[in-house]
Amino acid sequence: KHTPPPQGALREVRRSTPAPDPRADAGMPPTPPLNEAALRAELSGLAPQLRAPDPWRVLGVEADANDDRIRAAYAELAKRTHPDRVIGASDAVRRVAEELFACASKAFDAIRDEAARAAWRREQKQAEADAAAREESERAVHAEREFVRGEGLLRARRPAEALQAFRNAVESYPEECDYHVYLGWAHYLVAPEAPNRINEAVRHVMKGRKLAPDRRTPYLFLGRLCQAAGRVDQAEKMYARAIQLDPDCVEAMRELRLVRMRQDKARGIVGRILKR
């Protein structure tokens with residue numbers, strides 16, 4: 001009579017017998033065990049390439065690659081990153097594979113044929129133009145903020161701090177006339193008696209005049225600098241030019257009137273001396 005084995009022995013046999021691979025019945029080789037560490041390393045190595053903004057770099061093809069070359073490059077990347085390849089892996093690995101597969105697919109859609117490539121280039125050109133406009137706008141806003149701050153510091157009789165503010169404005173937006181003009185004036189006010197101080201200030205103001213030759217501001221400050229240098233006749237011409245460009249330039253009118261009053265006073269003194 002046959003005696004069945006104990007129940008514990010049956011459980012031991014079941015545990016030690018591997019489950020049959022369904023692929024074997026179809027004449028296919030058994031599925032190799034998933035090497036998650038190797039897969040994670042492979043995906044990590046691909047990540048910098050596939051996360052690049054340039055679709056040609058993503059697919060690893062030259063800028064003049066034809067449709068067939070682009071399709072072949074995409075097929076290779078899709079095979080390596082397709083989520084079906086990582087079934088059974090951890091959630092983290094599956095998420096990375098899904099992301100990289102999406103990156104490869106997006107790049108392929110962007111340059112899959114000539115029409116798509118032309119559209120991508122147009123979009124890229126527009127994006128670059130928009131970015132440049134935003135950057136210029138930000139520079140202009142920052143420069144104007146520094147300029148206004150510098151004007152306030154001049155009114156508070158703090159020319160050294162004003163000088164730095166105007167310097168910041170010029171560095172941020174060198175295309176603006178008044179920033180250079182006020183930089184020159186503050187440069188002079190920091191140390192009026194220093195050698196060559198007026199010449200250095202004039203150099204900055206002349207940069208502003210070159211940017212906007214029809215604006216009154218450079219001539220107004222050139223007149224002040226000429227006065228400081230004792231070149232009264234030249235100062236008078238600068239003030240007159242500022243008024244010619246802007247008949248409502250009150251500062252130039254006041255300065256010109258003061259110059260002429262001093263000249264009249266000086267001529268009167270000289271006349272009285274000569275009569276003695």
Side-chain angles (χ1 to χ4, degrees), residues 136-137 139-276:
E136 183 176 7
S137 177
R139 285 193 301 110
V141 169
H142 174 71
E144 186 64 18
R145 187 182 299 119
E146 287 295 294
F147 177 71
V148 171
R149 187 169 73 89
E151 287 185 306
L153 289 166
L154 279 186
R155 287 192 295 271
R157 299 181 183 277
R158 293 155 64 182
E161 295 173 69
L163 176 66
Q164 185 57 54
F166 294 135
R167 189 173 285 139
N168 293 341
V170 167
E171 288 175 356
S172 293
Y173 203 82
E175 298 88 350
E176 174 55 47
C177 161
D178 285 2
Y179 300 167
H180 291 277
V181 171
Y182 275 80
L183 175 62
W185 182 239
H187 192 85
Y188 164 71
L189 292 178
V190 168
E193 306 302 326
N196 298 320
R197 203 68 178 184
I198 291 178
N199 292 340
E200 185 68 16
V202 167
R203 186 175 65 82
H204 288 294
V205 176
M206 292 297 286
K207 282 186 180 180
R209 190 177 76 166
K210 187 176 181 179
L211 288 169
D214 295 330
R215 189 174 296 183
R216 71 182 189 183
T217 316
Y219 297 98
L220 173 63
F221 283 92
L222 284 172
R224 290 173 176 172
L225 290 169
C226 287
Q227 258 189 282
R231 300 196 294 268
V232 179
D233 291 344
Q234 191 67 21
E236 189 175 359
K237 291 178 182 179
M238 294 297 104
Y239 293 138
R241 178 59 176 158
I243 295 168
Q244 182 183 10
L245 291 171
D246 180 7
D248 296 325
C249 184
V250 177
E251 300 96 324
M253 292 179 190
R254 183 176 61 247
E255 298 287 357
L256 184 58
R257 185 167 57 251
L258 289 172
V259 167
R260 288 174 176 172
M261 287 173 60
R262 292 188 188 104
Q263 286 177 326
D264 291 342
K265 184 177 179 180
R267 280 194 290 267
I269 294 172
V270 171
R272 285 195 299 273
I273 292 172
L274 292 176
K275 287 179 181 178
R276 292 176 183 175

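Computed from heavy atoms alone, side chains included, the values below leave out hydrogens, waters and symmetry copies. What you are looking at is a predicted structure, and each value in this text was computed from that prediction instead of being measured.
When all heavy atoms of Ala235 and Gly223 are compared, the closest pair comes out as CB-O, 3.3 Å. The minimum heavy-atom distance between Pro174 and Arg139, with the atom names listed, is CD-NH1, 4.0 Å. The two residues Cys177 and Gly208 come nearest to each other via the heavy atoms SG-O, 3.2 Å. Listed here is the closest heavy atom pair of Cys249 and Ala242: CB-O, 4.4 Å. Among all heavy-atom pairs drawn from Glu236 and Val259, the shortest one is CB-CG1, 4.4 Å. Between Leu183 and Arg167 the shortest heavy-atom distance is CD1-N, 3.8 Å.
Electrostatic pairing of Arg203 and Glu200 counts as a salt bridge here, judged by a charged N lying under 4.0 Å from a carboxylate O. Under the 4.0 Å criterion applied to side-chain N and carboxylate O atoms, Glu176 and Arg215 are assigned as salt-bridge partners.
The side-chain heavy atoms of Arg254 and Leu258, taken from C-beta on, include a pair separated by under 4.5 Å. At least one side-chain heavy atom of Tyr179 sits less than 4.5 Å from a side-chain heavy atom of Glu144.
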Verdict with reasoning, Arg231 to Lys237, per side-chain contact (heavy atoms from CB on, under 4.5 Å): CA-CA 10 Å; Arg231 300 196 294 268; Lys237 291 178 182 179; over 6 Å; no
Trace of the side-chain contact (heavy atoms from CB on, under 4.5 Å) decision for Arg260 with Leu256: CA-CA 6 Å; Arg260 288 174 176 172; Leu256 184 58; 3.7 Å; yes
Verdict with reasoning, Met238 to Glu255, per side-chain contact (heavy atoms from CB on, under 4.5 Å): CA-CA 10 Å; Met238 294 297 104; Glu255 298 287 357; over 6 Å; no
Trace of the side-chain contact (heavy atoms from CB on, under 4.5 Å) decision for Leu222 with Met206: CA-CA 8 Å; Leu222 284 172; Met206 292 297 286; 3.9 Å; yes
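Between Arg216 atom CZ and Asp178 atom CG the span is 9.0 Å, to the nearest 0.5 Å. Between the CG atom of Asp214 and the CG atom of Asp246 there is a distance of 12.0 Å, given to the nearest 0.5 Å.
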Got a list of side-chain donor-acceptor pairs under 3.5 Å for residues 148-157, not counting sequence neighbours?
| residue | atom | partner | partner atom | Å |
| --- | --- | --- | --- | --- |
| Arg149 | NE | Glu146 | OE2 | 3.4 |
| Arg149 | NH2 | Glu146 | OE1 | 2.9 |

Under 3.5 Å donor-acceptor pairs involving side-chain atoms of residues 185-195, not counting sequence neighbours:
none

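A side-chain donor-acceptor contact under 3.5 Å links Arg241 and Gln244.
Under the 3.5 Å distance criterion, the side-chain polar atoms of Tyr219 are matched with a main-chain donor or acceptor of Pro213.
Residue pairs meeting the ring-ring contact (aromatic ring centres under 6.0 Å, His included) criterion with at least one partner in residues 224-261, sequence neighbours excluded, are absent.
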